[in-house]
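A note on names: the letters A, B, ... follow the listed sequences, proteins ahead of strands, and every chain is numbered from 1.
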Amino acid sequence: MACDFKTIDEKWQKFWQENNTFRSLPSSAHPKFYCLEMFPYPSGKLHMGHVRNYTIADVVARFKWMQGLNVIHPIGFDAFGQPAENAAIKNKTDPAAWTYKCIDWMRQEMRRLGFSYDWQREIVTCDANYYKWNQWIFLKMFERGLAYRKPATVNWCPSCATTLANEEVVSGGCWRCKAQVEQKELEQWFLKITDYKEALLDDLKLLNNWPARVISMQENWIGKSQGVEIYFKIKETGETINVFTTRVDTIFGATYIVLAPEHSITVKLKDKISNLKEVELYIKKAKQKSRTERVDAAQTKSGVQIKGITAINPVNNEQITIWIADYCLMEYGTGAIMAVPTHDQRDFLFAKEHNLPLRIVIQPQNQEPLSEHQLSEAYEGDGIQVNSGQFDGLDNNQAKVRIADWMQSTGIGKIQTHWRLRDWLISRQRYWGTPIPIIYCDRCGVVPVPDDDLPVKLPEKIKISGEQGSPLTKVKEFVNTKCPKCNAKALRDTDTMATFIDSSWYFLRFCSPDFDSAPFKKEDAKYWMPVDQYIGGIEHAILHLLYARFFTKFLKDLKLVDFSEPFNRLLTQGMVLKDGIVMSKSKGNVIDPDSVINEYGADTLRTFILFAAPPEVELEYSQRAIEGSWKFLNRVWTLVSQISGTVVEKSEKDKISALLRKTHQTIKKVTSDLENFKFNTAISSLMELVNAIYQEVADNKRKDAEVFLAVKTVVLLLAPIAPHICEEMWQMLGGKSPVSKAIWPTFDENLIRTETVAIIIQINGKLRSKIDIEVDSPEERVRELALNDEKIKNWLGAKQIKNIIVVKDKLVNIVI
RNA sequence: GGGCAAGUGGUGGAAUGGCAUACACGAAGGAUUUAAAAUCCUUUGGCCGUAAGGCCGUGAGGGUUCAACUCCCUCCUUGCCCACCA
C-alpha cells in the first residue's frame, strides 16, 4: 500500500500548529540554539531557491531540537522594497495590499513544507511596529554623528521625473520609457560605516565558521591597502597634485599623470590651461555618464591631455604630461593616479591609445629581459629594479619598502593606508520604505523627530504613478508638519530608507518581537544571540552581512548587546539549476514547488533537495530524482507498515548481528553528517540501512527486536529530513509523543567495533589482494600473512622485495 | 581585468594521502501479473579475454610520496562574486 503523503502532511501540519510544538521560550534547563535563515522578500511565491534554503535550515533546527537543545527558529518577511511599488503601479493597487497578499501566500507554502517555525515570532518589516525601530536606530546614529547628509548623484530619468536604481538603467536609458538617463545631484543621508572599518576587518578573524570565500569577499570589499601618497609639483604654478599608489616600486616608470574629471585642479588652474574648451567638454561628457558606464570594461580608453601645465616626478625631476580620463574615479584614493604603462595593464592600454612614453623599471628574473618597444602587455609581476636610480638591482618588494621610507624621510611622499569601503548611502526617493525621521525647519535647520513621536508613519493608500518624483512629496498631510523645537511650520524628509536597513538587525527583533519600549529586550537578546547557524544565499556575502555586522557593532557601542559579531556560523547554499542553467523567471525554466508538493508530498521534495547535492554547491533539478526520493520514502513506509502490527520476537542474545552493528554505524554516520551539513551522505547511509533491513526481512524472515530497533532508528534519524511521514510512522510504531521532540539516538562504540578487519595488500601501491585478520594484529603477523597470501606469492615470484609498509588495520604495501 | 570555487561512469554525486565510482537515477535482464503499472531481485566505468584474469582510467602535462581524485607547479575549461579600486 503506497503512502498517502497528502493526508499525512495535513494531519501533522495541523498537529504541530495546534500543539505549538516549535514554540520556544528562554529557559536555563537546556542550552539555546538560534537557527536562522535569511528571511524572504515577499515576491509572490516561494521558488526552489527558498525551498532549498529553508529545508536546510529546518533540518538543522529539527536535529537540534531532538538533541535536546532549546531551539529558536523564527521567520519573517523583508517586506519593503521596489518590486511592491512597481507591482502597485502596474496593477493599480496599494503596495501594502500587494505585499500582505504575497506574505499570506508564502506563509501558507511554508506551512505546506512543514517548516518548524515559531510562528508567534513572525515579523513583517513594513509593519510600523517594526520600522519604528529603524527610525529609532537611525536617530541614535544621528545623535552620534554617524548619520549625516551630503550631496550625491542619482540616476535620473527626466521624462518620468524620478530616480532610478542601477538595475533600472538599461544601456543608458530608463527601463520604462527608454529616455536617456541623467546624473542628478541630491542631498542624501549616509551612514558612517567607515567609522567601523577597522573592526569590520579585524573581527573577520573571529568568524572561524564562515566560508573562506565570504571572508575574502568582505576583505576585498573593505579593501585596506598600504601605499604611499606622492606629491607631484606642477612646474608652471607650484601647486601640488597628490597621488596614491600601492606600487611605489614602479615610481621611476611613471610617465604621465591621470586625474579624475571631478578633480579640483582643473578649476583652480583654469587660466593656465591652453586647451580649456576641450578639457571642459570632456569633463562635461564624463559627468553625464553613469558610474556603471564609466567603469564598463568595454569602454575605450578615452581621455584628454591638459595642455599648458606639466607635472614633475619628484624622484627624478622628470617633466611629465597631465591627462584627464573618466576611468579615474574621484571616490578612490586621491582622484589622481601616476601612470606606469609598463607595469599596469590599464595604463598600458591608455598609453598605447594616446602614444605616451614607456619605461621599464622592473625586469623579471629567469627570462629574457623586456624591452619597451616589444612590450605587448604590461608586466605586473615581481623582478629586479632597473632605471630606478639608487634602487637599481633591488628586488622590487624590497624596493617598495626602501622607496617608501626614503620618500617619507625626504618629504616627497607619505606612507598611508587607504580603504576601499565608502559610507553607506541610505536615502531612496521611493514610497515603499521606512520614512526618514527628520524634519527641516527654516529656523532650526535639520531637526530629528523626538523619540516620543515615533513612528513616523508611512501614509497609506496614496497614489503611486512612478512619475513626478517621490510619491511622498505630494502627500501634503505628511510633508507639512511643525518643528519639534520651535513649533514653526516645517517640512518632513520625503525620502525613505534603503531596505538593507531592515535586514541589518531583524535577527535581534526575533528575540522579542512584541517588545515596545526598545528595538528588542536586552535580556532576551542576551539569552538567544548570537545566531548559532545562519543560512542563506551567496549573493548576500558582502552587503547584507557587512551591514548586519556594522549594526551589531553600533548596538554594542550603545550597550544594547554584549557581543560584536551577530552570526557565529554561516552556510551559503548553492543555486538551483534546471538543464544546467539557473532556475529563473526570465529563463522560463521555473518549477513551482507547490506542484511537486501536490504530486509527491512535502517530504519527497525535502528529501530530494537534500539528497541531490551537497548544500554549498549548485543543485540540478531533476524530475526523475524526485521520483527516486519518493520511492525511497515509500520503501521506508512499506517496511514500517509490515512490521508495525506484528509481535516482536526475541533476538538471539549471544552475538552481535550484522544488522545491529549496521544500525549503530548508521547512527554514528548520520549524526556526524548532520553536524557537518552533509545531508546527501546522511540520506545515502539511511538508504543503506533500509536496504540491509529489507535483506534481513526477506532472507531470514526476521521480525525480532533487532529488526524493530533498526526500523525505529531509521524513523528517528529520518525525522528531521522527512518529518511528516516520520511522525506518522513513529505513531504506528507505538511512539506516544511526537517524534519531532523524541530523543536523538546514540550509538554504542562497542557495538560498532568488529573483531576482524579487511586488510588490503598492495604491490607497488596497486591493490593485489585482501585478507581478513584480527583487529589490532601486530605488524609482524600482518606482514607474514600478507607474504603468505596465495595471490601475492604468485605476484612476487622471485622478485626482490625492497620495502614493506604496514598501516595498522588498513593495508600492507610491498615495494619491489 | 581581479578574486574565489569546481572539473570523477550515460546522469546527480561518494571517497581523515591508503580498495576510485558508496548511495541514487537511467539502462539491460529476471520474478510477480491475463497484461501493464507498482513492487522485489540481479547486472551495469572502458578495453582485451569463453573464462580465470589482465591492462587502462578521477580535465591535460609535470612533480612530491611506499602510495595522489586528494598535496605542489604549469596549463585548459566551466561557474560564481567583484570590477578601469591605483
Side-chain angles (χ1 to χ4, degrees), chain A residues 1-2 211-217 219-221 223 225 227 243-248 250 258 260 292 294-299 301-302 325-329 331-340 344-347 349-350 377-378 380 418-422 538-539 541-542 572 574-575 577 580-582 608 611-614 616-629 631-632 634-635 638 678 680-688 690-691 694-695 698 758-770 791 794 802-807 810-816:
Chain A
M1 139 192 79
R213 79 167 160 148
V214 175
I215 298 282
S216 97
M217 282 159 85
E219 266 169 8
N220 290 338
W221 190 260
S225 59
V243 155
F244 178 75
T245 182
T246 55
R247 288 295 307 270
V248 73
T250 65
V258 184
T292 16
R294 274 179 62 174
V295 302
D296 185 358
Q299 203 81 5
K301 301 281 162 190
S302 85
D326 56 12
Y327 79 85
C328 184
L329 300 174
E331 305 97 280
Y332 295 104
T334 57
I337 58 172
M338 64 171 204
V340 186
D344 182 293
Q345 185 61 14
R346 288 159 306 178
D347 296 343
L349 293 173
F350 190 86
E377 58 176 6
E380 295 183 339
H418 270 241
W419 300 79
R420 189 185 169 281
L421 186 70
R422 304 287 118 187
I538 188 76
E539 68 273 19
I542 296 176
T572 51
M575 288 178 306
L577 313 183
I581 51 172
V582 179
F608 157 73
F611 181 56
E616 310 84 1
V617 304
E618 292 161 341
L619 178 148
E620 173 74 28
Y621 180 85
S622 151
Q623 186 64 28
R624 291 221 190 264
I626 291 267
E627 282 166 24
S629 297
K631 259 159 63 173
F632 166 63
N634 262 305
R635 244 166 101 76
T638 307
K678 294 165 91 176
N680 53 339
T681 51
I683 294 170
S684 299
S685 47
L686 280 168
M687 287 171 168
E688 285 184 59
V690 170
N691 291 346
Y694 262 81
Q695 288 292 342
I759 297 275
I760 58 168
I761 308 174
Q762 298 177 328
I763 293 175
N764 288 345
K766 272 188 183 286
L767 174 73
R768 292 305 176 195
S769 185
K770 283 186 204 181
K791 279 188 190 166
N794 283 340
K802 278 198 205 152
N803 194 5
I804 299 180
I805 286 127
V806 180
V807 181
K810 231 170 209 164
L811 65 81
V812 178
N813 189 13
I814 303 165
V815 187
I816 55 174

*Asks:* If you look at every strand shown and take non-hydrogen atoms under 4.0 Å, does A/Arg768 touch a base, only sugar-phosphate, or nothing?
*Replies:* sugar-phosphate
*Asks:* Donor-acceptor pair, A/Arg768 side chain versus A/Gly765 backbone, under 3.5 Å?
*Replies:* no
*Asks:* Is the phosphate of B/A22, meaning OP1 or OP2, less than 4.0 Å from a side-chain N or O of A/Asn691?
*Replies:* no
*Asks:* Identify the nucleotide, in any strand shown, that forms a Watson-Crick or G-U wobble pair with B/G12, with both distances under 3.5 Å; if there is none, say none.
*Replies:* B/C23
*Asks:* Under 4.0 angstrom, heavy atoms only, what part of the nucleic acid is A/Ala612 near: base, sugar-phosphate, or nothing?
*Replies:* sugar-phosphate
*Asks:* Considering every strand and a 4.0 Å limit on heavy-atom distances, what is the contact class for A/Lys631: base, sugar-phosphate, or nothing?
*Replies:* sugar-phosphate
*Asks:* Using purine N1 to pyrimidine N3 plus N6-O4 or O6-N4 for Watson-Crick, or N1-O2 and O6-N3 for G-U wobble, each under 3.5 Å, what pairs with B/U50?
*Replies:* none
*Asks:* Please name the nucleotide paired to B/G61 by Watson-Crick or G-U wobble geometry with both distances under 3.5 Å, or report none.
*Replies:* B/C73
*Asks:* Both distances under 3.5 Å, Watson-Crick or G-U wobble: report the partner of B/A35, or none.
*Replies:* none
*Asks:* Determine whether a donor-acceptor pair (one donor, one acceptor, N or O, separation below 3.5 Å) exists between the side chain of A/Arg624 and the base of B/C25.
*Replies:* no
*Asks:* Using a cut-off of strictly less than 4.0 Å, decide whether A/Lys766 has a side-chain nitrogen or oxygen near OP1 or OP2 of B/G18.
*Replies:* no
*Asks:* Whole angstrom is fine here: how far is it from CG in A/Leu767 over to P in B/C19?
*Replies:* 9 Å
*Asks:* Heavy atoms only, 4.0 Å cut-off, all strands: where does A/Glu618 land among base, sugar-phosphate and nothing?
*Replies:* sugar-phosphate
*Asks:* Within the structure shown, what part of the strands sits under 4.0 Å from A/Ser622 by heavy-atom distance: base, sugar-phosphate, or nothing?
*Replies:* nothing
*Asks:* Which part of the nucleic acid does A/Gly628 contact within heavy-atom distance under 4.0 Å: base, sugar-phosphate only, or nothing?
*Replies:* sugar-phosphate
*Asks:* Please determine, for B/C4, whether a Watson-Crick or G-U wobble partner exists with both distances under 3.5 Å, and give it or none.
*Replies:* B/G79
*Asks:* Assess, by modelled atom type and distance only, whether the side chains of A/Asn691 and A/Arg635 contain a donor and an acceptor separated by less than 3.5 Å.
*Replies:* yes
*Asks:* If you take all heavy atoms of A/Ile759 and A/Leu811, which pair is closest and at what distance?
*Replies:* CG2-CA, 3.8 Å
*Asks:* Whole Å only: how far is the CE atom of A/Met217 from the C1' atom of B/G3?
*Replies:* 9 Å
*Asks:* Any donor-acceptor pair under 3.5 Å between the side chain of A/Gln762 and the base of B/G18?
*Replies:* yes
*Asks:* Take the protein atom CD of A/Glu616 and the nucleotide atom C1' of B/C80, then report the distance between them rounded to whole Å.
*Replies:* 14 Å
*Asks:* Quickly work out the A/Glu688 CD to B/A24 C1' distance and round it to whole Å.
*Replies:* 11 Å
*Asks:* Could you state the atom-to-atom distance from CZ of A/Phe632 to P of B/C40 in whole Å?
*Replies:* 12 Å
*Asks:* With both distances kept under 3.5 Å, what pairs with B/G18, Watson-Crick or G-U wobble?
*Replies:* B/C66
*Asks:* Among B/C40, B/A86, B/U16, which nucleotide sits nearest the side chain of A/Lys810?
*Replies:* B/U16
*Asks:* Which value, rounded to the nearest 0.5 Å, describes the distance between A/Ile538 atom CD1 and A/Thr572 atom OG1?
*Replies:* 4.0 Å
*Asks:* Could you let me know what B/G45 is paired to, Watson-Crick or G-U wobble, both distances under 3.5 Å, or none if it's on its own?
*Replies:* B/C56
*Asks:* Closer than 4.0 Å, any side-chain N/O of A/Asn220 to the OP1 or OP2 of B/C81?
*Replies:* no
*Asks:* How many Å lie between CZ on A/Arg635 and C1' on B/C41, as a whole number?
*Replies:* 11 Å
*Asks:* Using a heavy-atom cut-off of under 4.0 Å over every strand shown, decide if A/Lys678 touches base, sugar-phosphate, or nothing.
*Replies:* sugar-phosphate
*Asks:* Rounded to the Å, how far apart are A/Leu619 CG and B/G79 P?
*Replies:* 18 Å
*Asks:* Taking any heavy-atom pair under 4.0 Å as a contact, classify A/Val807: base, sugar-phosphate, or nothing.
*Replies:* base
*Asks:* Please state how far atom CE in A/Met687 lies from atom P in B/A14, giving the value in whole angstrom units.
*Replies:* 13 Å
*Asks:* Quick check for you: among B/C82, B/C23, B/C84, whose closest atom lies nearest to any side-chain atom of A/Phe611?
*Replies:* B/C23
